S.K.: 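Pasting in a structure now, in C-alpha cells, and then I'll have a few things to ask.
All of these numbers come straight from a predicted model, not from anything done at the bench.
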Amino acid sequence: MAGHSHWAGIKHKKALIDAKRGKQWSKLSKAIIVAAKLGGGDPDANVRLRVAIEAAKAVSMPKENIQRAIKRGTGELEGGLLEEVLYEGYGPGGVAVLCDVLTDNRNRTAPEIRKLFEMSDGKLGGAGCVAWMFEKKGLFVVAADKADEDRLMEVALEAGADDVRRSGDNFEVLCAPEAYEAVAKALEQAGIQPDVSEISRLPKNTVDVNDPEVARKVLKLMNRLDDHDDVQNVSSNFNIPEAIMAQVAEE
C-alpha cells in the first residue's frame with residue numbers, strides 16, 4: 001500500500017501543475033461523459049457523476065465545460081461515444097500495472113499504451129493477468145501534521161471507512177467505493193482536508209523495488225501512462241523504500 005500512497009502523492013502534485021495548463025480537463029470531461037451516460041445527468045442521483053464533477057471543480061474546470069460534458073453523456077449533445085477499457089501489464093522489476101482508460105478508438109489506444117510499456121522496459125499483458133491483485137477502494141491521504149490521528153479515526157470510521165492507518169508522513173483512510181461519498185462529506189465537515197481523495201484500484205500485496213534504476217523506470221512508466229489523454233487512472237503494486245524514493249526524487 002505504501003507504493004500506491006507514494007504514487008498517489010506524486011500524481012496529486014503533478015495534477016496541480018497540469019491543472020494550471022488545463023491539461024486535466026480533457027480527461028475529466030471524459031469521466032463526466034461516461035458517468036452521465038451510465039447513471040444519468042443528475043449528480044444527486046449519480047454518485048459516480050458527483051465524484052467526477054468534484055474532481056473537475058478541484059482543477060478549476062469551467063462550469064460550462066462540465067455542463068457540456070454531462071449533456072454529451074446524456075445524449076443531448078454529440079460526442080459521447082466513449083468505451084471503458086482496463087489495460088493490464090507488467091512494469092520494470094515485475095510490478096503489476098493497471099490502466100483505467102476511456103477511449104473513442106480502442107484500435108488507436110491499445111498500441112499507444114503498449115508502446116509506453118515497452119519504452120520503460122515493461123510489457124502489456126492480456127485481460128485478467130494482474131487485475132486479480134487489486135481491489136477497488138476509496139482512498140483519502142491526509143498529511144499527518146494536518147490531522148489528529150484519534151479524531152481522524154473517529155470521524156472516518158463513524159462515516160463508514162474500513163481502515164485508517166499511518167504510512168510515512170501521511171494517514172491513509174480506506175473505504176468501500178459505495179462509502180466514498182459519506183466519508184468525503186464527514187472529513188469535510190470535520191475540517192479535515194485530504195491531499196488525495198479518489199476511488200482507485202489498490203494492491204492487495206506489494207512488490208519491493210530496492211534498485212534505484214528500476215525505481216526510476218517504474219516512476220517514469222507511471223508518469224508516461226498518466227500523461228496519456230485516454231488514461232483516467234494508473235495503479236501499481238510497487239513499494240519503493242523511503243531512502244530509495246528520496247534518492248530518486250532528488251534527481
Side-chain angles (χ1 to χ4, degrees), residues 1-12 27-28 30-31 33-35 37-39 47-48 51-52 55 82-141 161-163 167 172-180 196-209 214-215 217-240:
M1 189 47 208
H4 189 90
S5 180
H6 281 144
W7 169 239
I10 292 169
K11 186 171 64 172
H12 172 70
K27 290 189 178 190
L28 292 167
K30 290 180 181 179
I33 289 169
V34 169
K37 181 179 180 180
L38 295 176
V47 174
R48 179 171 177 173
V51 170
L82 292 169
E83 180 181 8
E84 289 187 281
V85 188
L86 179 65
Y87 289 105
E88 309 175 39
Y90 295 93
V95 302
V97 180
L98 288 179
C99 299
D100 286 288
V101 166
L102 294 177
T103 178
D104 59 2
N105 187 345
R106 189 191 290 225
N107 292 331
R108 168 184 54 78
T109 302
E112 290 177 356
I113 298 298
R114 180 178 293 107
K115 177 73 172 183
L116 293 178
F117 270 90
E118 292 172 351
M119 286 170 63
S120 297
D121 292 342
K123 182 179 181 181
L124 186 65
C129 68
V130 299
W132 60 273
M133 303 180 191
F134 297 78
E135 56 186 342
K136 215 162 191 180
K137 286 281 190 179
L139 169 68
F140 301 87
V141 179
D162 297 329
D163 193 15
S167 177
E172 294 171 348
V173 179
L174 302 177
C175 67
E178 52 270 24
Y180 176 87
V196 175
S197 56
E198 63 183 21
I199 296 176
S200 187
R201 299 177 190 272
L202 305 184
K204 297 175 183 177
N205 296 292
T206 57
V207 173
D208 289 337
V209 178
V214 174
K217 290 180 179 179
V218 168
L219 293 175
K220 185 169 287 188
L221 171 61
M222 298 292 283
N223 278 302
R224 282 172 170 163
L225 291 170
D226 188 59
D227 278 339
H228 192 285
D229 285 343
D230 294 341
V231 174
Q232 291 290 305
N233 195 35
V234 190
S235 302
S236 182
N237 65 347
F238 68 83
N239 176 50
I240 301 175

S.K.: When rounded to the nearest 0.5 angstrom, what is the spacing between OG in Ser120 and CG in Asn223?
M.R.: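 CG of Asn223 is found 9.5 Å from OG of Ser120.
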S.K.: Are Arg106 and Glu83 ion-paired here, with the side-chain N under 4.0 Å from a carboxylate O?
M.R.: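 Between Glu83 and Arg106 there is a salt bridge, with a charged N closer than 4.0 Å to a carboxylate O.
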S.K.: Taking atom CG of Asp100 and atom OG of Ser200, what is their separation to the nearest 0.5 Å?
M.R.: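 One finds 7.5 Å between CG of Asp100 and OG of Ser200.
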S.K.: To the nearest 0.5 Å, what is the distance between CG (Leu202) and CD (Glu172)?
M.R.: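 Nearest 0.5 Å value for the CG-CD distance: 8.5 Å.
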S.K.: Under a 4.0 Å threshold between the charged nitrogen and the carboxylate oxygen, would Asp162 count as salt-bridged to Lys137?
M.R.: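 Result for this pair is yes, salt bridge flagged.
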S.K.: Would you say the side chain of Glu84 lies within less than 4.5 Å of the side chain of Leu102, judging by non-hydrogen atoms?
M.R.: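 Touching, per the 4.5 Å side-chain cut-off.
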S.K.: Got Arg114 and Glu112 here, is their nearest side-chain heavy-atom distance under 4.5 Å?
M.R.: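 Result no, sub-4.5 Å side-chain heavy-atom pair not found.
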S.K.: For Asp230 and Thr109, does a side-chain donor sit closer than 3.5 Å to a side-chain acceptor?
M.R.: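 Yes, a side-chain donor-acceptor pair sits under 3.5 Å.
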S.K.: If only atom types and distance count, is the side chain of Thr103 paired as donor or acceptor with the main-chain N or O of Asn105 below 3.5 Å?
M.R.: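 The answer is yes, because a donor-acceptor pair under 3.5 Å joins these two groups.
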S.K.: To check you understand the geometry: which heavy-atom pair defines the closest contact between Asn233 and Arg201, and what is its length?
M.R.: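 It is ND2-N, 4.4 Å.
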S.K.: Below 4.5 Å, heavy atoms only, C-beta onward: do Asn239 and Val207 meet side chain to side chain?
M.R.: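 Result no, sub-4.5 Å side-chain heavy-atom pair not found.
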S.K.: Heavy atoms only: give me the nearest Phe140-Ser197 pair and the separation to one decimal.
M.R.: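 Heavy atoms only, the tightest pair is CD2-CB, 3.5 Å.
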S.K.: Quick check for you: to the nearest 0.5 Å, what is the distance between Trp132 atom CH2 and Lys204 atom NZ?
M.R.: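 Rounded to the nearest 0.5 Å, the CH2-NZ separation comes to 8.0 Å.
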S.K.: Closest approach of Gly138 and Tyr180, non-hydrogen atoms and distance?
M.R.: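 Looking at all heavy atoms of both residues, the closest pair is CA-CD1, 4.0 Å.
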S.K.: Decide yes or no for Phe238 and Met222: does some side-chain heavy atom of the first lie under 4.5 Å from some side-chain heavy atom of the second?
M.R.: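 Yes - at least one pair of side-chain heavy atoms lies under 4.5 Å apart.
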S.K.: Supply the atom-to-atom distance Cys99 SG to Leu124 CG, rounded to the nearest 0.5 angstrom.
M.R.: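 One finds 8.0 Å between SG of Cys99 and CG of Leu124.
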S.K.: Under 4.5 Å between any side-chain heavy atoms of Arg48 and Leu38, yes or no?
M.R.: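 They are in contact (side-chain heavy atoms under 4.5 Å apart), so the answer is yes.
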S.K.: Within the 4.5 Å heavy-atom criterion, are Gln232 and Val101 side-chain neighbours or not?
M.R.: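 They are not in contact (no side-chain heavy atoms under 4.5 Å apart), so the answer is no.
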S.K.: So that I can tick it off, tell me whether Glu118 and Lys217 are bridged by a salt bridge, with the cut-off set at under 4.0 angstrom between side-chain N and carboxylate O.
M.R.: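 Salt bridge: no.
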S.K.: So do the side chains of Leu225 and Ile113 get within less than 4.5 Å of each other, counting heavy atoms only?
M.R.: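 With C-beta onward as the side chain, the pair touches.
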S.K.: Looking at side-chain heavy atoms only, is the closest gap between Lys220 and Arg224 below 4.5 Å?
M.R.: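 They are in side-chain contact.
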S.K.: Name each donor-acceptor pair under 3.5 Å that joins a side chain in residues 87-98 to protein atoms two or more places apart or in another chain, with its distance.
M.R.:
{"residue": "Glu88", "atom": "OE1", "partner": "Gly128", "partner atom": "N", "Å": "3.1"}
{"residue": "Glu88", "atom": "OE1", "partner": "Cys129", "partner atom": "N", "Å": "2.9"}
{"residue": "Glu88", "atom": "OE1", "partner": "Val130", "partner atom": "N", "Å": "2.9"}
{"residue": "Glu88", "atom": "OE1", "partner": "Ala131", "partner atom": "N", "Å": "2.9"}
{"residue": "Glu88", "atom": "OE2", "partner": "Gly128", "partner atom": "N", "Å": "2.7"}
{"residue": "Tyr90", "atom": "OH", "partner": "Cys129", "partner atom": "O", "Å": "3.4"}

